[in-house]
Amino acid sequence: MAASAEEYAAFEERVRRTVYMDNLSPQVTENVLKAALDQFVNAINVQFIPNYINPQSLPRAALVEMETLKQASAIIAEMADSPFMVLGMPRPVRARAAEVEMFDSRPKKPGRKITYKWLDPEDPDFEVARKIKVLTRKHASETEFLLNHQLKEEENLANQQLENLKAHYKKYELIDGVLSDNTAKKLADRYRIPLSDA
């Protein structure tokens with residue numbers, strides 16, 4: 001059933017305020033993405049777009065609705081000029097204006113009529129459609145291979161960052177212990193080195 005002109009106009013206005021973001025790490029959640037964007041704009045809704053071809057395939061994409069059209073334009077311009085990283089992953093997020101076709105819940109445009117037909121094998125377009133289908137499958141398998149490789153690299157980086165964090169925390173505990181039990185003061189007195197309290 002087609003939407004009324006007013007309903008469709010409201011939907012189009014929502015589309016203009018929405019930004020399509022892709023190349024998101026699989027660890028990014030709605031709350032993480034909103035928190036990252038809240039530094040610059042007011043993101044009021046985040047909707048991740050499912051990958052129907054291969055659900056476990058990466059990267060993730062999302063439709064992020066901003067409070068105003070100005071904010072949507074500003075974040076697109078900012079992300080075009082500067083890399084925007086989420087969760088410290090080496091995967092710069094890309095952004096562009098959302099399009100009507102990206103929304104699963106889009107209303108039917110008033111006055112629009114869609115017609116379709118099965119192609120006959122004798123039709124000249126049949127061979128073109130078959131080649132496109134084969135090329136699409138090839139592209140999907142190549143993309144899956146590359147993205148799985150990228151995911152492994154990201155997991156290794158996340159593990160490395162965790163190990164570095166643990167090592168730095170152990171150093172902090174060691175320094176804090178030396179300062180709290182007066183070992184640092186004793187050593188400073190022994191070697192006549194001034195110890196700053198700052």
Side-chain angles (χ1 to χ4, degrees), residues 1-30 32-34 37 43-66 68-69 71-73 75-81 83-84 86 89-155:
M1 184 173 143
S4 69
E6 294 82 21
E7 289 173 331
Y8 198 79
F11 168 72
E12 286 182 317
E13 196 273 330
R14 182 177 149 222
V15 171
R16 286 191 291 274
R17 286 186 287 113
T18 302
V19 176
Y20 171 77
M21 294 186 177
D22 70 344
N23 209 33
L24 293 165
S25 171
Q27 287 111 2
V28 173
T29 63
E30 179 179 341
V32 168
L33 188 55
K34 271 182 138 177
L37 290 170
I44 58 176
N45 185 32
V46 174
Q47 176 190 351
F48 286 101
I49 300 174
N51 184 337
Y52 295 109
I53 297 171
N54 192 351
Q56 71 271 13
S57 182
L58 303 174
R60 297 181 79 184
L63 293 170
V64 184
E65 185 181 348
M66 305 300 171
T68 64
L69 174 60
Q71 288 181 352
S73 301
I75 199 70
I76 291 169
E78 183 66 34
M79 290 173 73
D81 293 338
F84 183 67
V86 181
M89 289 293 129
R91 186 193 284 256
V93 180
R94 297 178 295 230
R96 66 183 174 99
E99 298 173 13
V100 171
E101 293 77 16
M102 295 175 176
F103 292 79
D104 280 342
S105 60
R106 65 184 176 270
K108 188 175 176 185
K109 189 172 184 178
R112 182 177 181 200
K113 184 179 178 184
I114 300 174
T115 58
Y116 58 91
K117 66 174 184 173
W118 291 103
L119 283 177
D120 188 280
E122 305 302 319
D123 191 315
D125 290 335
F126 183 84
E127 187 59 28
V128 173
R130 191 189 66 73
K131 286 180 181 177
I132 291 173
K133 186 176 181 180
V134 169
L135 187 61
T136 302
R137 286 183 179 159
K138 179 182 175 188
H139 176 72
S141 63
E142 290 171 348
T143 302
E144 182 181 1
F145 173 79
L146 291 172
L147 293 175
N148 284 334
H149 179 71
Q150 186 176 8
L151 177 60
K152 286 178 187 170
E153 287 184 347
E154 282 186 9
E155 287 172 352

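Residue numbers count from 1 along this sequence.
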**Request:** Please name all residues satisfying side chain to side chain donor-acceptor pair (under 3.5 Å) with Glu153, sequence neighbours left out, ordered by chain then number.
**Result:** His149

**Item:** Where Glu30 and Phe48 come nearest, the two heavy atoms and their spacing
**Value:** N-CE1, 3.5 Å

**Side chains of Glu65 and Leu63 in contact at under 4.5 Å (non-hydrogen atoms)** = no

**Asked** Among pairs that include at least one residue of residues 130-142, which meet salt bridge (Lys or Arg N to Asp or Glu O under 4.0 Å), considering only residues two or more places apart or in two chains?
**Response** Glu127-Arg130

**Complete:** Sequence neighbours excluded, the answer for side chain to side chain donor-acceptor pair (under 3.5 Å) partners of Arg16 is none

**Prompt:** Could you state the interatomic distance from CG (Leu69) to OG1 (Thr18), rounded to the nearest 0.5 Å?
**Reply:** 10.0 Å

**Prompt:** Minimum heavy-atom separation for Leu33 to Val28, with atom names?
**Reply:** CB-CG1, 4.0 Å

**Message:** Which heavy atom of Tyr8 sits nearest to which heavy atom of Lys108, and what is that distance?
**Reply:** CD1-O, 4.1 Å

**Message:** Quick check on side-chain contact (heavy atoms from CB on, under 4.5 Å): which of Arg17, Gln71, Met66 does Ile44 satisfy it with?
**Reply:** Arg17

**Request:** Write out all pairs satisfying ring pair (Phe, Tyr, Trp, His ring centres under 6.0 Å) with one or both partners inside residues 91-125, taking only residues at least two apart or from two chains.
**Result:** Phe11-Phe103

**Prompt:** Does Arg106 reach the side chain of Val15, with side-chain heavy atoms less than 4.5 Å apart?
**Reply:** no

**side-chain contact (heavy atoms from CB on, under 4.5 Å) partners of Asp125, counting only residues at least two apart** = Leu119, Asp123

**Message:** If you define the side chain from C-beta out and look only at heavy atoms, does anything of Met21 sit under 4.5 Å from Leu37?
**Reply:** yes

**Asked** What are the two closest non-hydrogen atoms of Arg14 and Ser105, and how far apart are they?
**Response** NH1-OG, 4.4 Å

**Item:** Closest contact, heavy atoms only, Ala62 versus Leu24
**Value:** CB-CD1, 4.0 Å

**Complete:** What one should report as the nearest heavy-atom pair of Ile76 and Ala95 is CG2-O, 4.1 Å

**Complete:** By side chain to side chain donor-acceptor pair (under 3.5 Å), Gln47 pairs with (sequence neighbours left out) none

**Fill in**
Exactly one candidate in Leu135, Thr136, Thr143 meets side-chain contact (heavy atoms from CB on, under 4.5 Å) with His139; the answer is Thr143

